[in-house]
Amino acid sequence: MHTSPLAQPGVGDGGGMNVYVRELSAALARTGVDCEVFTRAEDPRQPETVTVEPGLRVHHVPAGPLSAVAKESLPSLVGEWTEQVAERLLDLDVDAIHANYWLSGVAGHALKHRLEIPLLVTFHTLDRVKADASPEELSASEPARRAEAEAAIAGCADAVLASCGVEARQLADLYGADPRRVAVVAPGVEHAFFGPGDRAQARRAVGLPAGEAVVLFAGRIQPLKGAALAVETLAELRRTLPATLVLVGGPSGPHGEEELSSLHEAVARHGLDAAVRLVPPQPHEALSTWFRAADVCLVPSRSESFGLVALEASACGVPVVASAVGGLTTLVEHGRTGVLVEGRRPADYAEPLAAILRDPALAARMGRLGARRARAYTWRRAALQLWERVEVLAGSELVAC
C-alpha cells in the first residue's frame, strides 16, 4: 500500500521491497500467472492502471489525498484503501492475495475473510526486530499497534513467507507464527543485469578514477542503513589506506534528513570532501555498473530481513563487508565471499575492508565465489516456490482467526 513497485528504489520509502514486488510479480507473470498489483495512488497524473508486461498490471487505488502521505499517517487510510481494492477484486478471478508489509497485511487480512481467498503475507521488516535495531526511527514512524497487527496477520495468514531462515525463526519466536505455515521464499537476482564485468570499463561509465580503492554503499540514507557509519569507517580506513567512498541513495524516513546532515558533518570533520562521492538514487538496473566499479561493498545496516544489496553486489563479483544481522548472515559467507562484522565501531568495519583492499587475490577469490553462490538466487525460483504454496492452499480450508 505505502510504496509502488514502479517507484525508483532509494527515493522516499522506495527500497528493496519495491524491487521484490516488481521482480517477483514479473517472474510469476512469465510463468503464466496473472498478477494484479494494487498500490495507493499518490499523483493525479498517474494512470489508474499500468500494464507493465503481459500478465502484470499495477493499479493505483485512491485513498486519502492524491499526494504523498507520511508513513505514520497511512494507517488511517488503510480502511478506505481496503474498500477500494475490494471493489476491484470483485471483477477478478483471484486465487490468492499476497500482502507485502504490515499495512497491506491489514488490508489483506480483511479481504481474505470478506472474499474467502487465501492470504499470503511477506512482512519485509518486523516491528519487534526493528525496535531493537533502530528504536528512534520506529517510535517516530510507526504506530504502537504495529506489532499487534503483525501478530494478528501472522496468526491468520494461510502462509507467511520469510526471506531467509533467520526471519522464519523470528516469526516463530517473536510472533508465535505456526512454523508449518511459514515458508522461506528467498528473493532473487536479475542476472541479466547483475553479473561480473570489467571494473575499469565500469569506472569509466560512472566517472570514477581507475587507480584508487573504491568502497560502495548503496541504500537509503537513514539511521537503520548506517550511511553515517560508512563515512566514519572511511575516515578510520584512510589512516592506513587511501580509499574513496561512494554512497548511492537519498534520504528516507523521518530521520533521513538528520542522517544526511550527520553524514555531511562527518565528511567535513574528517576532511573527506575529496574522498566521498554522494550519488543520487539510481534506476535499479544501473546499480549493477556501480557495483562492478567498486572493490568492495559495505553494508553496515542495523538490521536486514534479507539484504538484497549484498546479494546483488555478490552477483557482480564484489566482496561484501556487512553487519552480522538478519538475512545478511545467510548471504555473506564469512571469510569466503566477504566478512560479517559483529560490532558497530568504525574500526570494526575498517579492518576487514583494509584486508580485502590490500589483497587483490583474496578479493578476487571472494568475488568469484560470491558470484557463483548468487546464481542460485533467481526470481523464477522464488515465483515457483510462491505458486507452489498457493496450489497447496487451493485444496485446504482457510486458517481462522
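The number of heavy atoms from other shown groups lying within 6.0 Å of CD (E285) is above 12. Summarising the local packing, CD of E148 is surrounded by more than 12 heavy atoms from other residues, nucleotides or ligands at distances under 6.0 Å. Atom CD of E391 is surrounded by more than 12 heavy atoms from other residues, nucleotides or ligands within 6.0 Å. Annotation for R381: atom CZ does not count as buried by contact number, only 12 or fewer foreign heavy atoms lying within 6.0 Å. In the displayed structure, Q201 atom CD is contacted under 6.0 Å by at most 12 heavy atoms of other residues, nucleotides or ligands.
Note that the NE2 atom of H109 and the CH2 atom of W102 stand 13.5 Å from one another [nearest 0.5 Å]. To the nearest 0.5 angstrom, H113 atom NE2 is 3.0 Å from C156 atom SG.
Taking the charged nitrogens against the carboxylate oxygens, K225 and E304 do have a contact shorter than 4.0 Å, which makes a salt bridge. Here R57 does not pair with D34 in a salt bridge; the nearest charged N to carboxylate O distance is not below 4.0 Å. With salt bridges taken as basic N to acidic carboxylate O contacts below 4.0 Å, one links D295 and R203. Salt-bridge check for R220 with E259: failed, with every basic side-chain N at 4.0 Å or more from each acidic carboxylate O.
Nearest heavy atom pair, residue R344 against residue S301, reads NH1-O, 3.3 Å. V339 and P352 get closest at one heavy-atom pair: CG1-CB, 3.7 Å. Between A324 and T329, the shortest heavy-atom distance links the atoms C-CG2, 3.5 Å. For the residue pair R199 and A293, the shortest heavy atom distance occurs at CG-O, 3.9 Å. When all heavy atoms of N100 and Y20 are compared, the closest pair comes out as OD1-CE2, 3.3 Å. Closest approach of G16 to L308, counting heavy atoms only: O-CD2, 4.4 Å.
Inspection of the H270 and E232 side chains reveals an N or O donor paired with an N or O acceptor under 3.5 Å. Checking H60 against E42 by side-chain atom types alone, no donor-acceptor pair falls below 3.5 Å. Judged purely by distance below 3.5 Å, without hydrogens or angles, the side chains of T49 and H59 pair a donor atom with an acceptor atom. No donor-acceptor contact under 3.5 angstrom links the side chains of S4 and R22, judged on distance only. Of the N and O atoms on the side chains of T240 and R358, at least one donor lies less than 3.5 Å from an acceptor on the other residue. Q385 and R389 form no side-chain donor-acceptor contact under 3.5 Å, judged by distance and modelled atom types alone. Side chains of R146 and T125: a donor-acceptor N/O pair is present below 3.5 angstrom, by distance only.
Side-chain contact between F217 and V299 is absent, with no heavy-atom pair separated by less than 4.5 Å. V121 is not listed as a side-chain neighbour of H98, based on a closest heavy-atom distance of 4.5 Å or more. Residues P187 and L24 form no side-chain contact, since every pair of their non-hydrogen atoms from C-beta on lies 4.5 Å or further apart. Looking at heavy atoms from C-beta onward, L331 lies out of side-chain contact with V320 at the 4.5 angstrom threshold. No side-chain heavy atom of L216 sits under 4.5 Å from any side-chain heavy atom of V296. Counting heavy atoms from C-beta on, the side chains of Q282 and T289 never come closer than 4.5 Å. Side-chain contact between L174 and V129 is present, with heavy atoms from C-beta onward closer than 4.5 Å. Under the 4.5 Å side-chain criterion, counting only non-hydrogen atoms from C-beta, L120 is not in contact with I97.
Using a distance-only test at 3.5 Å, with no hydrogens or angles considered, a donor-acceptor pair links the side chain of S104 to the main chain of M1. Checking side-chain atoms of D348 against main-chain N and O of R345 turns up a donor-acceptor pair under 3.5 Å.
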(request) Would you sort out whether Y349 and S323 count as a side chain to side chain donor-acceptor pair (under 3.5 Å), showing the intermediate values? (result) CA-CA 9 Å; Y349 293 88; S323 306; 2.8 Å; yes
(request) Would you sort out whether V309 and F291 count as a side-chain contact (heavy atoms from CB on, under 4.5 Å), showing the intermediate values? (result) CA-CA 9 Å; V309 162; F291 285 132; 4.0 Å; yes
(message) Quick one, H2 with M17, criterion side-chain contact (heavy atoms from CB on, under 4.5 Å). Give me CA distance, side-chain angles, the key distance, then yes/no.
(response) CA-CA 11 Å; H2 79 292; M17 187 173 72; 3.0 Å; yes
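The cationic atom of R128 (NZ for Lys, CZ for Arg) lies less than 6.0 Å from the six-membered ring centre of Y175 and within 45° of the ring axis.
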